[in-house]
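Please read all numbers here as calculations on a predicted model, not as lab measurements. Order of the sequence lines sets the chain letters (A, B, ...), proteins ahead of strands, with each chain counted from 1.
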Amino acid sequence: MYNVLVCDDDRDIVAALKIYLSSGDYQVFEAYDGAGALAVAAKEDIHLVLLDVMMPGMDGIETLTKLREHSNIPVILLTAKSEDTDKILGLNVGADDYITKPFNPVEVLARVKSQLRRYLQLGGGAVQPKVLRIGGVELDDAAKTVTVDGAPASLTPREYDILRLLMQHPGTVFSPKEIYRTVWQEAPFGSDNAVAVHVRHIREKIEINPAEPRYLKVVWGKGYKMEDAKK
Amino acid sequence: MKQLLPKFWAKFVAGLLFVVMTALCLAAVTGVAVLADGGAYADGGARMRENALFSQVYQNVDIVADYYGVYQSAQELGEKTETLSYYESRFAKENSNYFFTITDADGNVLLSNYTDAYQYSDATAYALHRNPQPRRETKTFSSEEAMSEYLESLYEQYGDRDVSASSGSIVNEQTGEETFELQVQYTVYDSETVTITGYVRSNLEAKDEIYYNLFWLDKLISARNWLIVIGASSLVLTVALLVFLLSSAGHKEGEEEIHLTWFDRIPLDLLLFIWICLGGITVAMGDVVYSQTEAIVFALMVVLCWVPLILVLLMSFASRVKAGTVFKNNVLYWLLTKIKKFLLWLWHGLCYLVRSLPLYWKAGVFWAALSLLEMMFVLVSGSGETLTFWFFEKLVLTAVLILIVINMRRLQEGAKRIAAGEVDYTIDLTHMIGDFKAHGEDLNCIRDGLQTAVDERVKSERMKAELITNVSHDIKTPLTSIVNYVDLLKKEELGSDTAREYVAVLERQAQRLKKLTEDVVEASKASTGSIPVNLERTDLNVLLSQAAGEFTDRFAEQKLELRFSASQEQTYVMADGRLLWRVFSNLMSNVGKYALEGTRVYLSIDVQRGRGVISLKNISRYPLNVSGEELMERFVRGDKSRTSEGSGLGLSIARSLTELQGGVFDITVDGDLFKVTISFETA
């Protein structure tokens, strides 16, 4: 039983989120402005905050800054702005994730679950050797397994090899041809998009929203890279 | 005949025949000319024969005279000399058809080789000189005229050869008179006049020069009519062969076009020059010819060398005419074109110089030239006062001109900058005068108006984009509730199927609204250009293979086959990878929505004229009754009924984003074929 604080100035949205989260075995606390949210967070033992950005009075960013002064709990921003600059601003101020409105309830539940698992279960514990970790993605090269926020992801051998290559060099961009040469051990054929298809499949398995990847990024016209969006 | 034209052997044989025929023709014509000149056609050759006999007899007169001299000296000495034996043998009956008698004035025969029946005779009076006695005399004359008169008479009497003279003048010192002294030396002979009569024997028994001469002459005369026939027929043949050769020139077996050999490529005037030089050499060689035989051999060689040379030249000329290179392939033509090019270049350069010269220079140069001209005129015709006046007038005018030019220049510069869009440029009006200042103020006013207009335009565009963004954000919040509660409603126990159907409609329309709000924001941003564009060298092959990979599964679900063909080489363009992906994401999801199931989708990259061209083709599921241009308008969709999903902004966004990156976006609709072409300049 985890305690989740939902803060939005739109009461209908708060109510809807409460219904979803309650069914997912969460204790939900409600707030309708920044001040209220901070008050609840100070009083209760909150494990996660869902915070709207555009609120009258103290907005989400300001509330988050105040909250971060004495708390390390995961915060997911709810935003109507879909521009990258807004997302980056939120992540820089201390948010752990963001969801753009209008959101899909399933996605909200998945992200809440993911953040809680990382915060409470994994807790940044000791990393074993031979285990590569980027954000919530862990690749154990000894056991040949991949887990996302603790949940196992079933990758095909090719997908596993691609992911391992990318995770061994976090932040490095690999072109499709380089990936093909390394993983397939063959010279790449001219108009082949096998790598792109595989990467797409990997994203579907390790990302909550494959269209907006947090870990496996597409660098258009150059290649692919693994990195933690938060860093 | 036509088939023979290109054959080499035909040309070769014709060429050889031509040479032979020409030689024959020339020989015949020469023969006919000689015969006609000698009157052979009129009198059957009698006169020619007579002339030949006369020249033979006449040629021998001097020799006979010499013979007689040798004979006389031998008589005096009383012994036979070697020279005499030579003459005796030469004029012996068996060696010579020529015989002679030398008679003195009284008719006594002094010498004769033999006598016989003769067919021709000719008598010549001949003066013989013997016993040379040298004489020397010195004479004094009072005048130069008298002296030369005397000398003349000596020359006349004794001949130029035997008289040698030297002269001098003496001046008497007392009287001052000048006298002329002449010293002459000459030879006086004993002179005897004899008659030498030469005969040509009737029957030419000896095989001497006369025999051969007359033999050939008779042959020539008897063949006189044949010669005309031979000449005429060989002339006809020659002309026919020439026609054939000229028409065959330039044709080569197996080639349709006119074939030019290396020889035909030599400039024509150079070739003519070489030929003229060769002609000069031939003429110079003709000078060393002495005898008749040599002349004949020489003439033959000239004909055999020059007929082929001229033939080759004519054939080459014919080839050139056919190929149209007669005028162009000349050194002179080449030179003239070079000169023309150079002059044109010079002229254009001059024009360019004048055009691009700044106002200062144009005015300065013009003014200086005019002043110089005036000065010359004034210096030549004017007085001192005019000159002084002119000088001061020029001084004042020059100052005024400089002022005007500076003002003009400043106005010109300002107008140019404002026209180029520099709306914050103000023309500096300090030190400007009168009308120019007023004009400058006007220009500044125009600039102010322009600046205001531009500012307002920018402001309104920004406001519009902001408005759309804000409105769409405000829509998103209630939309979130709608989406969520529709989802919740779906999970509730609904009474009837109709209710479930209605919820499904709600859900679908909520999704559409969501997509629409996102697209409206993106479209407004893309069209106002308020999206940051980060142009980088981007590999189109990589980007499109990535995009294709993203959509492969989705297409497979709809039974669409994506045929992706990358360009052969890496194709780099300057583009923003993320924006370009959004372009393709829009286009490919359009394909997913509108392409006919079970068809192929073609995505290809080409390089055409320095541009990377991407084309995406698919077969539409619905008939496309609109043009490509219309499809790119906002809110236009292939199906006018608007029953399908999508906002109708996808193509408009794709076009705006492409244009933001400096690309060209084009849509072609051909029946059910829908084709998008995007091109960028390669980097």
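Atom CD1 of I19(A) is separated from atom CG of N484(B) by 9.0 Å, given to the nearest 0.5 angstrom. Atom OG of S23(A) is separated from atom CG of L488(B) by 8.5 Å, given to the nearest 0.5 angstrom. Going from atom CG of L78(A) over to atom NZ of K476(B) covers 13.0 Å, rounded to the nearest 0.5 Å. Note that CG of N193(A) and CG of L544(B) are 10.5 Å apart. Values are rounded to the nearest 0.5 Å.
Only the side chain of T552(B) comes within contact range of chain A, judged by heavy atoms closer than 4.5 Å. At a 4.5 Å heavy-atom cutoff, V199(A) makes no contact with chain B through either its backbone or its side chain. L479(B) touches chain A through backbone and side chain together, each having a heavy atom under 4.5 Å away.
A 4.5 Å side-chain heavy-atom check between K222(A) and E536(B) finds at least one atom pair inside the cut-off. At least one side-chain heavy atom of H201(A) sits under 4.5 Å from a side-chain heavy atom of D553(B). In this structure, E550(B) and R203(A) have side chains that are in contact, with non-hydrogen atoms separated by less than 4.5 Å. Side-chain contact between W220(A) and D576(B) is absent, with no heavy atoms from C-beta onward closer than 4.5 Å. Residues K101(A) and T477(B) meet the side-chain proximity criterion, which asks for heavy atoms closer than 4.5 Å.
Residues P102(A) and V483(B) share a closest heavy-atom pair of CB-CG2, 4.4 Å. Considering every non-hydrogen atom in both V542(B) and P176(A), the closest pair reads CG1-CD, 3.7 Å. Listed here is the closest heavy atom pair of A196(A) and G549(B): CB-CA, 3.4 Å.
Residue pairs satisfying the ring pair (Phe, Tyr, Trp, His ring centres under 6.0 Å) criterion with at least one member in residues 537-556 of chain B, sequence neighbours excluded, are listed as follows: F551(B)-F555(B).
In this structure, K205(A) places its NZ atom where more than 12 heavy-atom neighbours from other residues, nucleotides or ligands lie under 6.0 Å away. Around atom NZ of K491(B), more than 12 heavy atoms belonging to other residues, nucleotides or ligands sit under 6.0 Å away. Residue-environment remark: CD (E681(B)) stays at or below the threshold of 12 foreign heavy atoms within 6.0 Å. By the neighbour-count criterion of 12 heavy atoms within 6.0 Å, atom CD of E186(A) is densely surrounded, having more than that number from other residues, nucleotides or ligands.
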Exercise for the section: Apply the test side chain to side chain contact (heavy atoms under 4.5 Å, CB included) to residues V218(A) and W581(B): give CA-CA distance (whole Å), side-chain angles for both, the deciding distance (0.1 Å), then the verdict. Expected result: CA-CA 10 Å; V218(A) 185; W581(B) 153 245; over 6 Å; no
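Residues of residues 596-616 of chain B lying within less than 4.5 angstrom of chain A, judged on heavy atoms, are absent. The stretch residues 158-167 of chain A places none of its residues near chain B, where near means some heavy atom under 4.5 Å from a heavy atom of that chain. Heavy-atom proximity under 4.5 angstrom to chain B picks out D10(A), D12(A), I13(A), A15(A), A16(A) from residues 5-16 of chain A.
In this structure, Y224(A) contributes its side chain and Q546(B) its backbone to no donor-acceptor pair below 3.5 Å.
Between chain A and the residues R578(B), E522(B), Q568(B), the most heavy-atom pairs under 4.5 angstrom are made by R578(B). For the set D539(B), T538(B), D487(B), T517(B), the count of heavy-atom pairs under 4.5 angstrom toward chain A peaks at D487(B).
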